[in-house]
Participant: 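Right, I'll just put the structure down here and ask away after.
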Number of protein chains: 4
Amino acid sequence: MSDREDQLVGEFPFIPRQERAQQKRKALLESGRILFTTKGYEHTTAKEIAAHAGVATGTFYRYFSDKRQLLMALLEDKIDQFLAPEPHWFCHDPVSLLASLLEAHVLRLNHSGLHRVLPEILSKDLDLAEVIQAARKRIHAKILSSLKQIHEKNLTWRDLDLDTVAWSIMMLFENSHKKAEQTGEKVNYREMAKVICRMIFPPHILDNFPDELK
Amino acid sequence: MSDREDQLVGEFPFIPRQERAQQKRKALLESGRILFTTKGYEHTTAKEIAAHAGVATGTFYRYFSDKRQLLMALLEDKIDQFLAPEPHWFCHDPVSLLASLLEAHVLRLNHSGLHRVLPEILSKDLDLAEVIQAARKRIHAKILSSLKQIHEKNLTWRDLDLDTVAWSIMMLFENSHKKAEQTGEKVNYREMAKVICRMIFPPHILDNFPDELK
Amino acid sequence: MSDREDQLVGEFPFIPRQERAQQKRKALLESGRILFTTKGYEHTTAKEIAAHAGVATGTFYRYFSDKRQLLMALLEDKIDQFLAPEPHWFCHDPVSLLASLLEAHVLRLNHSGLHRVLPEILSKDLDLAEVIQAARKRIHAKILSSLKQIHEKNLTWRDLDLDTVAWSIMMLFENSHKKAEQTGEKVNYREMAKVICRMIFPPHILDNFPDELK
Amino acid sequence: MSDREDQLVGEFPFIPRQERAQQKRKALLESGRILFTTKGYEHTTAKEIAAHAGVATGTFYRYFSDKRQLLMALLEDKIDQFLAPEPHWFCHDPVSLLASLLEAHVLRLNHSGLHRVLPEILSKDLDLAEVIQAARKRIHAKILSSLKQIHEKNLTWRDLDLDTVAWSIMMLFENSHKKAEQTGEKVNYREMAKVICRMIFPPHILDNFPDELK
DNA sequence: CATGAATGAGGCTTCATTCAT
DNA sequence: GATGAATGAAGCCTCATTCAT
């Protein structure tokens, strides 16, 4: 933000270079996001992004070395969002917890829409594929460790294969947005959460979550 | 080589046009499949496919109107495979059933590899996206109907949301191949099957599947 | 050459693929040569060369990977021509010999005109610069060895620095075409040859070239 | 730094506009010279020159209408240097004279390095080509007139073609720097001078230059 | 005056598709 | 039918030059 913004109201609008530039950069990012998610990555050209952002083609290249770099900038720090959040089971009501996590996750996904671009690129961009792969492993490890904690407390099915459950949870999260896309209806996150919980907890635990975790 | 080649010696070599043509067509399809799954759809050119199939560029266009059509021909009748098979629960051992279904599913996927091409195209090819969507709905309906049958027989959790479970099963099937890709290890289909079964059946049913269904 | 060319005269003109292709390649080379020498290398675009050759832009890239490669193809085996020929002094009349060598050299240069393109590229294309440098050393060595032979026969100035003379001869050859360009008149090669001979031979040798060399 | 900076301490720093401007202009010229000679004219961008000179891109265009004009400013008054100096034969030792002229010439050339840029532009810039051409004619005329003077004094070969000799001298001067570039060694200017003198003077003159010219 | 962001024409190159042979 | 050369539209990117601040 400009130093001057907190000055007198009504002053002649002055936006310093950097901020203007940042605005253009942001406009380009936003245009890129919109076009990528609308038409697909390959079918979007740098020229189009620039035009959509209201700048000349050359301006695109002032801010991004190429289309890929713009995409990377869009994905930066967002990758983990596409996968799944780490659940914390220390909660008296895992169903509600998961339901809210799911909802938040789907909202995040749909906010940027970038998750729809990923599949298109992963087959061609091995670097990015590796990054995603690594992120998935990270998330998987986190979920696994969460599961271990409750498993040690005897809260789960006794013969639970934690690795498989963790992976299943991750998959259901990653694809949770597709349900709405498919049916056109609003997703019932609570029901999804119940299904997930059933994979983990025996009914007597679910029905009466132990007080010591509250 | 044609089946007819081992016919009478000295006979004028006669391979019906259609058969030769079909060979070329098949070669093109196979080359397309290999290159699409290897390098991605967009990054594969018609020329490359033709070269890989050992025919001229122009020949490609005799058999296929364009690259997209070749892909469609490849996908033809295969789309359902990418999604999930319809399970039949009338079986004394649902875990084994699902495990074998899962394994067969993953083998099918990896056999053609075409499921890796789909994500790349769906964002651009709305027609195909619709086809896939329709297929998914079909599969979903089938799984749902299967679930209904066992639900009516009181074999499942009483408060099961069949729709959500059907969808979850479908997602886990659709993505089952990713686990191997991620971990590099062989997938334990039995454990995955157990997880899925847990979503459906209460333990007492699972442990002792009723005889009347055998 | 086509198999059909030795067939009946008057047959429908059929030029096989390869030959046609070679014609296009030659047309592109010739167009490249003309445009390079006319407008300069940098100021000539691949598109222009293609247009001048009467083909589409893409055709250019079927025959040449880029502009540089076309130039290299033009220069191939011509580089030595731009420098200087190796004189053979075993001749009863070195002036006439040099005069004819000079004339032939200038004719060669002006035939292709490519020597005018070289200076433009040498500063940017270090690979080519090295090739030229090597060629110059080769020529220099040849001239030097020629000079040594006549020096050993006591035909030259006694205190001749052969290296410097060889180099001077090479420079005068390399630049001989510029005289015509500058004055607009026809060059008097004989006078130039006399000047060169003066650098090498004392007058009594020049006036009466020894018989044993005839 | 300005000459005025060492003036009175505490004085308001006053550097006249023109002087500052001249500093920038000089910096741009110097940066242009360095980059042109290093990377070639076409491969140097205005932005680069400005950056190298530590000014903004736009500033470049305040001082020079374009890249070409900067080059012209660099060449201004230097063109004659690239060609050859006018020798004055009224000297008791023409070899030494020419040797020192040659050395001075090569030093001048290498000082700016701009002679390496010329070839690149001549093919495209007909105006400059004409300027150079004119300069060459001027130099040629001067050398010719020098030669005439000594020719009239019977100091030269009797059958000297003055025009050709003048032109040869000019060529050897113009290209004298190349010898060092090629061999990597230091040039022996004296030997070069001897070669040139041999083109002009008969041995008895060279060995015993007449006193009346001293 | 200085700045450097913005412009957009223009060069390079690829590739889906056509078509003469 | 088969061939593969030819096409040219379209994408990528650079850079000389302008202009608002």
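Naming convention: chains lettered A, B, ... in sequence-line order (proteins, then strands); numbering from 1 in each chain. Quick caveat: nothing in here was measured; it's all calculated off a predicted structure. Computed from heavy atoms alone, side chains included, the values below leave out hydrogens, waters and symmetry copies.
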Participant: Measure all distances between protein nitrogen or oxygen atoms and nitrogen or oxygen atoms of nucleotides 17-19 of chain E, and list the pairs falling under 3.5 Å.
Facilitator:
residue, atom, partner, partner atom, Å
E/dT17, OP2, B/Tyr61, OH, 3.4

Participant: Please report the distance, rounded to the nearest Å, between NE2 in B/His52 and C1' in F/dG4.
Facilitator: 19 Å
Participant: Just how far, in rounded Å, is P of E/dC12 from CZ of C/Phe64?
Facilitator: 15 Å
Participant: Would you tell me if any nitrogen or oxygen in the side chain of C/Tyr63 comes within less than 4.0 Å of OP1 or OP2 on F/dA6?
Facilitator: yes
Participant: Starting the side chain at C-beta, find the nucleotide from E/dA16, F/dG4, F/dG1 nearest to B/Arg62.
Facilitator: F/dG1
Participant: Quick check: on DNA chain E, is the nucleotide nearest A/Val55 upstream (toward 5') of the one nearest C/Phe60, or the reverse? Name the residue that is more 5'.
Facilitator: A/Val55
Participant: Output all residues satisfying salt bridge (Lys or Arg N to Asp or Glu O under 4.0 Å) with A/Arg68, sequence neighbours left out; order by chain, then residue number.
Facilitator: A/Asp125
Participant: Between D/His43 and B/Lys24, name the one whose nearest nucleotide on DNA chain F is closer to the 5' end.
Facilitator: B/Lys24
Participant: For B/Leu122, enumerate each residue passing the side chain to side chain contact (heavy atoms under 4.5 Å, CB included) test, keeping only those at least two apart in sequence or located in another chain.
Facilitator: B/Leu128, B/Ala129, B/Ile132
Participant: Let me know the distance between CZ of A/Arg68 and P of F/dC12, rounded to the nearest Å.
Facilitator: 15 Å
Participant: Counting only side-chain nitrogens and oxygens, does C/Thr59 get under 4.0 Å of the OP1 or OP2 atom of F/dT7?
Facilitator: yes
Participant: Starting at CD1 of D/Ile49 and ending at C1' of F/dT14, how long is that distance when rounded to a whole Å?
Facilitator: 16 Å
Participant: Could you tell me the separation between the CD atom of C/Gln69 and the C1' atom of E/dC12, rounded to a whole number of Å?
Facilitator: 15 Å
Participant: Under the side-chain contact (heavy atoms from CB on, under 4.5 Å) criterion, do D/Glu42 and C/His43 qualify, and how do the steps go?
Facilitator: CA-CA 10 Å; D/Glu42 292 276 358; C/His43 280 191; 3.2 Å; yes
Participant: For A/His115, check ring pair (Phe, Tyr, Trp, His ring centres under 6.0 Å) against everything at least two apart and list the hits.
Facilitator: A/His177
Participant: List in chain and number order the residues that pass ring pair (Phe, Tyr, Trp, His ring centres under 6.0 Å) with B/Phe82, two or more places apart in sequence or in another chain; answer none if no residue qualifies.
Facilitator: none
Participant: Taking the six-membered ring of B/Tyr41, is NZ or CZ of B/Lys67 closer than 6.0 Å to its centre and within 45° of its axis?
Facilitator: yes
Participant: By side chain to side chain contact (heavy atoms under 4.5 Å, CB included), which residues pair with D/Arg25, not counting sequence neighbours?
Facilitator: D/Gln22, D/Leu29, D/Tyr63, D/Phe64, D/Ala73
Participant: Return the value, rounded to whole Å, for the distance between atom CD of B/Gln22 and atom C1' of F/dG1.
Facilitator: 14 Å
Participant: Let's test your reading of the pairing rules: Watson-Crick or G-U wobble, both distances under 3.5 Å, then write DNA chain F as a dot-bracket string with ( ), [ ], | and dots.
Facilitator: .||||||||||||||||||||
Participant: Quick one: side chain to side chain contact (heavy atoms under 4.5 Å, CB included) partners of D/Lys26, sequence neighbours excluded?
Facilitator: none
Participant: Applying side chain to side chain contact (heavy atoms under 4.5 Å, CB included), can you list everything that pairs with D/Ser31, at least two apart in sequence or on another chain?
Facilitator: D/Ile49, D/His52, D/Ala53
Participant: Between D/Tyr41 (OH) and F/dA16 (C1'), how many Å, whole number?
Facilitator: 11 Å
